Amino acid sequence: MPTLPSSPTAALGLVVGKFWPPHWGHQLLLETAAAQVAELLVLVYANPDDLRHPAPTRAAWLRELYRGDDAALGPRIGPTPLRIIALTAEADALPPDAAPDLIHCAFVRQWLAHHGYQPSVVFSSEAYGPGLAAHLGAAHVMVDEARRQVPVSGTELKLELGIEMEELPAENPSIFTLNSTLIHPFVAAQYGAVPPTPVPRLVLLGAESSGKTTLCQALAEALDTAWVPEYGRILHEQKNGALAYEDLLYIGRRQLELEDAATPHARGWLFCDTNATTTALYSYYYFHRCDPALQALARVCRARYARTFVCRPTVPFAQDGWRGPEALRQFQHGAILMQLDMLGIPYVLLDGSVEERVAQVRAALG
């Protein structure tokens, strides 16, 4: 069998899979592969496919998981660019999943040749990997075949998420908490699910200049715990206010990751400055549309956060050069309350000084 090139950074790597659903095991595979090649080609396909979240949708999730602050660079893992391509039965004449491995190997070889790709190394976590690599005349690298690093079962995860091939989009999907932590919260949200957390999250919402950031800091200090800043504001300032439509989904995804990163440092509660409900609201406000994946992030906020607090816009308005006019605060406040009511998310209104609002939160928490 061919061996991995001595200079793997000059190689094109290949990963082939269903990614149904993408989980941390898949991410380990991609990240391990990307560390060893100059470019990574990822083919996503299944036949029959998930009717609710088909391969093009799952490929889009993978691209989102690996985009950075600059969307123009495309998805990357470190310095390695990812070329993530979804194949469909209609466009690519896919063999059935149940077809012998040799049929799939021949299909992949023909597809690669037709599109001008010559991978020098195949990465996999499955038994088919060595055979596919040999068929392509490429090296093979097995990644965590025994599932020791990420003990995840795609079949069990499908059952927990209620994924079936015949499943159609639900008009009113249920929101529930998973048992598994082996899936990115962004992906889990697309199925109406929330991974469990050892520390309850409390979120503060509010119009611009309503005091939520100051209150978040004060609450974290008063309760000796951690808090998570509003990533949307960070990116907004970083890009000098020139956010693009695609940045709103990215903000929603990064906010989840920052919350999860802060969780080990929290004691009793984790305070969060803003969540995806407000991010979705701003998407509609600025761009008159909202990515379905961001809508899904907003819907699961009902289960992701143990309590929701809304700051009344009664503190003195502070124009920092990034905010809209003061008169906009009242409209934003009303829109936030309407959205929470429509999503069925209960909330507590906070008013008064910082000290008074801290006392109101503490009283609400008992």
Side-chain angles (χ1 to χ4, degrees), residues 19-24 26-27 44 49-67 71 75 84 86 157-158 160-164 167-197 201 203 205 228 230-232 243-260 272 274-306 308 335-336 338-345:
F19 298 93
W20 183 7
H23 51 64
W24 288 119
H26 292 130
Q27 293 192 243
V44 181
D49 206 350
D50 183 353
L51 298 179
R52 183 178 178 188
H53 301 300
T57 299
R58 301 194 301 278
W61 294 347
L62 291 174
R63 294 186 201 103
E64 176 55 41
L65 287 175
Y66 289 110
R67 73 150 278 188
I84 303 171
L157 194 54
K158 272 187 181 184
E160 190 175 358
L161 291 170
I163 300 172
E164 298 177 1
E167 183 180 23
L168 294 173
E171 293 184 5
N172 297 294
S174 60
I175 308 299
F176 60 98
T177 300
L178 285 168
N179 295 318
S180 174
T181 59
L182 298 176
I183 186 171
H184 194 289
F186 168 82
V187 177
Q190 309 311 311
Y191 294 96
V194 175
T197 177
R201 303 178 184 93
V203 64
L205 306 179
V228 184
E230 178 185 0
Y231 183 73
L243 291 179
Y245 169 69
E246 293 76 14
D247 290 330
L248 276 294
L249 176 58
Y250 175 61
I251 288 167
R253 190 260 292 178
R254 285 292 293 132
Q255 194 74 37
L256 301 181
E257 293 172 346
L258 292 175
E259 290 173 4
D260 286 354
C272 306
T274 308
N275 65 15
T277 60
T278 296
T279 306
L281 198 62
Y282 278 118
S283 183
Y284 282 113
Y285 178 76
Y286 286 112
F287 301 101
H288 308 156
R289 56 190 173 130
C290 183
D291 191 295
L294 179 53
Q295 294 175 23
L297 296 187
R299 281 194 297 269
V300 300
C301 285
R302 189 173 71 209
R304 183 172 175 86
Y305 302 91
T308 299
I336 288 169
M338 178 184 72
Q339 184 189 37
L340 293 175
D341 287 340
M342 293 182 69
L343 290 172
I345 299 175

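Since the structure is predicted, the reported quantities are computational estimates derived from the model, not experimental observations.
Going from atom OG1 of Thr278 over to atom CG of Leu248 covers 11.5 Å, rounded to the nearest 0.5 Å. Going from atom CG of Asn275 over to atom CZ of Arg201 covers 11.0 Å, rounded to the nearest 0.5 Å. Taking CG of Leu205 as the start and CG of Leu340 as the end, the distance is 6.0 Å to the nearest 0.5 Å. For the atom pair CD1 of Ile84 and CZ of Arg63, the computed distance is 6.0 Å after rounding to the nearest 0.5 Å. Taking CG from Leu258 and CD from Glu230, the interatomic distance works out to 11.5 Å, rounded to the nearest 0.5 Å. Going from atom CG of Leu281 over to atom CD of Gln339 covers 5.0 Å, rounded to the nearest 0.5 Å.
Ring planes of Tyr245 and Phe287: perpendicular class, angle over 60° (limits at 30 and 60°). Under the 30°/60° scheme for interplanar angles, the aromatic rings of Phe19 and His26 are found to be tilted. Aromatic ring pairs are classed by plane angle as parallel below 30°, tilted from 30° to 60° and perpendicular above 60°; the pair Tyr282 and Tyr285 is perpendicular.
Heavy atoms only, all atoms of each residue included: Ala189 and Ala296 are closest at O-CB, 3.6 Å. For the pair Ile183 and Pro21, the tightest heavy-atom approach, listed with the atom from each and the gap, is CD1-CG, 4.3 Å. Residues Ala55 and Val44 come closest through the heavy atom pair CB-O, 3.7 Å.
For the pair Thr277/Ile336, no side-chain contact is recorded, criterion being any heavy-atom separation below 4.5 Å from C-beta on. Within the 4.5 Å cutoff, the side chain of Cys301 has heavy atoms near those of the Ile345 side chain. Between Leu297 and Gln190 there is a side-chain heavy-atom pair separated by less than 4.5 Å. Contact check for Pro196 versus Thr181: side-chain heavy atoms found under the 4.5 Å cut-off. Here the side chains of Leu182 and Leu157 are not in contact, with every heavy-atom distance at 4.5 Å or above. Put simply, the side chain of Thr279 does not reach to within 4.5 Å of the side chain of Leu249, judged on heavy atoms. Residues Leu178 and Val194 have side chains not in contact (no heavy-atom distance under 4.5 Å, counting atoms from C-beta outward).
The pair Glu246-Arg67 does not meet the salt-bridge criterion, since no charged nitrogen lies less than 4.0 angstrom from a carboxylate oxygen. Salt bridge Asp50/Lys158: absent, no basic N to carboxylate O contact under 4.0 Å. Salt bridge Asp291/Arg253: absent, no basic N to carboxylate O contact under 4.0 Å.
Side-chain N/O atoms of Tyr66 and Gln27 include a donor and acceptor closer than 3.5 Å. A donor atom on one side chain and an acceptor atom on the other are not found under 3.5 Å apart for Gln255 and Tyr250.
Annotation: cation-pi geometry not satisfied between Arg289 and Tyr284 (NZ/CZ under 6.0 angstrom from ring centroid, within 45° of ring axis). Both tests pass for Arg254 against the ring of Tyr231: distance under 6.0 Å to the centre and angle within 45° of the axis.
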Go through it in stages, so that I can follow the logic: the residues are Glu257 and His184, the test is side-chain contact (heavy atoms from CB on, under 4.5 Å), and I'd like the CA-CA distance, side-chain angles, deciding distance and then a yes or no. CA-CA 9 Å; Glu257 293 172 346; His184 194 289; 2.8 Å; yes
Please walk me through it: do Leu294 and Ile251 pass side-chain contact (heavy atoms from CB on, under 4.5 Å)? CA-CA 9 Å; Leu294 179 53; Ile251 288 167; over 6 Å; no
Report the C-alpha separation of Ile175 and Arg304 in whole Å, then their side-chain angles, then the decisive distance to 0.1 Å, and conclude whether the side-chain contact (heavy atoms from CB on, under 4.5 Å) test is met. CA-CA 9 Å; Ile175 308 299; Arg304 183 172 175 86; over 6 Å; no
Please walk me through it: do Arg302 and Leu343 pass side-chain contact (heavy atoms from CB on, under 4.5 Å)? CA-CA 7 Å; Arg302 189 173 71 209; Leu343 290 172; 5.8 Å; no
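The ring pair (Phe, Tyr, Trp, His ring centres under 6.0 Å) test with Tyr191 singles out one residue from Trp20, Phe186, Trp61, and that residue is Trp61.
Between the side chain of Asp341 and the main chain of Met338, no donor-acceptor pair closer than 3.5 Å is present. At distances below 3.5 Å, not a single donor-acceptor pair connects side-chain atoms of His53 with backbone N or O atoms of Arg58. One N or O on the side chain of Glu160 and one on the backbone of Asn179 form a donor-acceptor pair closer than 3.5 Å.
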